[in-house]
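Report on the structure given below.
Lettering of chains follows the sequences in order, A, B, ..., and the numbering in each one begins at 1. Since we're looking at a predicted model, the values are computed, not measured.
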Protein chains: 2
Amino acid sequence: MPRDGLLTRKQIVAAADELFYSQGLHAVSVDAIADKAGVTKKTFYNHFKSKDDLIGSYLEARDRPTIDRFKEWAGNEGSVADRMVRFFSKLASASQGPRWNGCGFMRATAEFANMQGHPAITTARVHKARCEQWLLNMVTEEGHADAETIARALMVLIDGAVSQVLIHRDAKYATSAGFAARSLVSKGQLASDTPDGKNQS
Amino acid sequence: MPRDGLLTRKQIVAAADELFYSQGLHAVSVDAIADKAGVTKKTFYNHFKSKDDLIGSYLEARDRPTIDRFKEWAGNEGSVADRMVRFFSKLASASQGPRWNGCGFMRATAEFANMQGHPAITTARVHKARCEQWLLNMVTEEGHADAETIARALMVLIDGAVSQVLIHRDAKYATSAGFAARSLVSKGQLASDTPDGKNQS
DNA sequence: GTCTATACACAGATAGAC
DNA sequence: GTCTATCTGTGTATAGAC
């Protein structure tokens with residue numbers, strides 16, 4: 001039966017997402033992706049000019065859902081410290097799922113670390129910057145001094161927690177990251193007074 | 001001229017180190033490594049039973065030098081807070097070198113994330129555990145409560161800093177990690193009193 | 001005009017035979 | 001140390017079907 005062009009493209013990206021995320025970028029062939037998507041290679045190359053092109057689209061498609069999930073994990077209630085502890089606690093549970101394999105962006109960067117212009121690198125960079133912006137807004141709203149530094153440090157904790165959990169397959173690294181995040185944002189780091197004490201532990 | 005067997009093996013591992021670390025594990029072929037080492041593939045397969053075997057040896061060879069460098073960066077003077085700030089400052093400079101491409105162990109884990117038994121995974125895990133043990137000794141010596149949690153959080157900061165610097169190619173993520181490390185180990189985390197105040201910022 | 005199906009070019013991969 | 005077996009990779013070409 002005839003296909004809708006946009007649907008076909010989405011199916012290819014969906015197939016790529018499953019295979020790339022689980023097995024890695026170099027480890028998965030265009031053939032395997034076309035097969036899983038139920039299209040021929042001819043169709044594949046009709047929609048994407050190369051495998052690298054697909055890699056860029058794969059990561060772009062993960063950007064927004066990933067950040068949405070992060071926002072959901074952190075929630076909107078309580079101090080930044082509360083939100084980050086909650087975030088890392090959710091990360092700890094999510095990482096125990098059978099399909100969890102760390103951060104697709106970081107793994108893409110790891111595979112193409114020496115290719116500065118590659119879509120994997122540029123797309124990952126944009127995604128991480130968007131994550132950091134989300135944290136920066138949160139930290140700034142709470143009135144922290146040196147909000148940029150704190151936001152960067154929180155990004156470091158997130159990526160580091162994901163990496164350590166991936167290597168050891170042990171969720172307690174996420175919990176420890178939550179502990180560090182709380183110590184970072186809950187102790188005398190405020191530029192303004194907070195007489196209601198909402199940031200005191 | 002005839003070669004010494006152990007020397008040949010070392011040359012192969014040295015060639016693998018240069019190529020694997022700069023380009024990644026899947027991206028480099030056995031041919032390229034044998035070429036760079038100046039041996040034939042026959043010789044290569046005489047010393048290693050497979051590429052995966054070589055990958056394991058490549059990472060094993062990086063274990064000790066990496067940890068020695070970490071110890072050198074941190075130094076032996078001052079509080080844990082001082083050492084970690086110094087460590088991240090050294091990481092910031094080192095990451096600006098032209099050949100720097102993040103952590104080989106983390107990148108190996110990223111490439112083989114779905115292959116639990118692979119030498120890349122098991123070797124990386126052992127290495128990271130050794131790093132953590134070094135930190136744990138340091139933190140324990142200073143008398144911190146919950147030393148295990150702090151050591152894990154410091155590992156999270158190290159791996160996270162390396163990842164973020166790799167993605168953005170911007171050393172200020174390492175500096176921010178140092179800031180977070182100091183807040184983690186210098187504020188009321190001690191189990192015992194420290195009347196000399198050496199941990200007060 | 002987008003898809004399927006198949007075949008093909010050509011380079012490169014791992015591994016091993018001679 | 002060379003040479004080759006066998007497979008797999010990306011990307012293209014040639015068919016025709018809905």
Taking everything shown except A:Arg64 itself, do over 12 heavy atoms lie less than 6.0 Å from its CZ? no

Separation of atom [atom1] in [X] from atom [atom2] in [N], rounded to whole Å:
{"X": "A:Gln11", "N": "C:dT2", "atom1": "CD", "atom2": "P", "result": "16 Å"}
{"X": "A:Phe48", "N": "D:dT12", "atom1": "CZ", "atom2": "C1'", "result": "18 Å"}
{"X": "A:His47", "N": "D:dT12", "atom1": "NE2", "atom2": "P", "result": "15 Å"}
{"X": "A:Leu7", "N": "C:dG1", "atom1": "CG", "atom2": "C1'", "result": "17 Å"}

Relative orientation of the end axes in the helix from C:dG1-D:dC18 to C:dC18-D:dG1, expressed as an angle to the nearest 10° (five pairs per end): 20°

Between B:Asp159 and B:Lys128 (salt bridge meaning N to carboxylate O under 4.0 Å), is one present in this structure? yes

Going by an N to O cut-off under 4.0 Å, is there a salt bridge joining B:Glu111 and A:Arg107? no

Regarding [X] and [Y], is there a side-chain donor-to-acceptor distance under 3.5 Å anywhere?
{"X": "B:Ser57", "Y": "B:Arg9", "answer": "yes"}
{"X": "B:Ser50", "Y": "B:Asp53", "answer": "no"}
{"X": "A:Arg152", "Y": "B:Thr175", "answer": "no"}

Any chance you could lay out the side-chain hydrogen bond (donor to acceptor under 3.5 Å, both in side chains) test for B:Asn137 and B:Gln133, step after step, and finish with the verdict? CA-CA 6 Å; B:Asn137 291 343; B:Gln133 186 60 50; 3.0 Å; yes

With a 4.0 Å limit, can you tell me whether A:Thr8 has a side-chain N or O closer than that to the phosphate oxygens OP1/OP2 of C:dC3? yes

Going 5' to 3' along nucleotides 13-18 of chain C, which nucleotides have protein heavy atoms under 4.0 Å from the base (write B), which only from the sugar-phosphate (write S), and which from neither (write -)? SBB-B-

List for me each residue that meets salt bridge (charged side-chain N to carboxylate O under 4.0 Å, His left out) alongside A:Lys42, sequence neighbours excluded, and say none if there are none. none

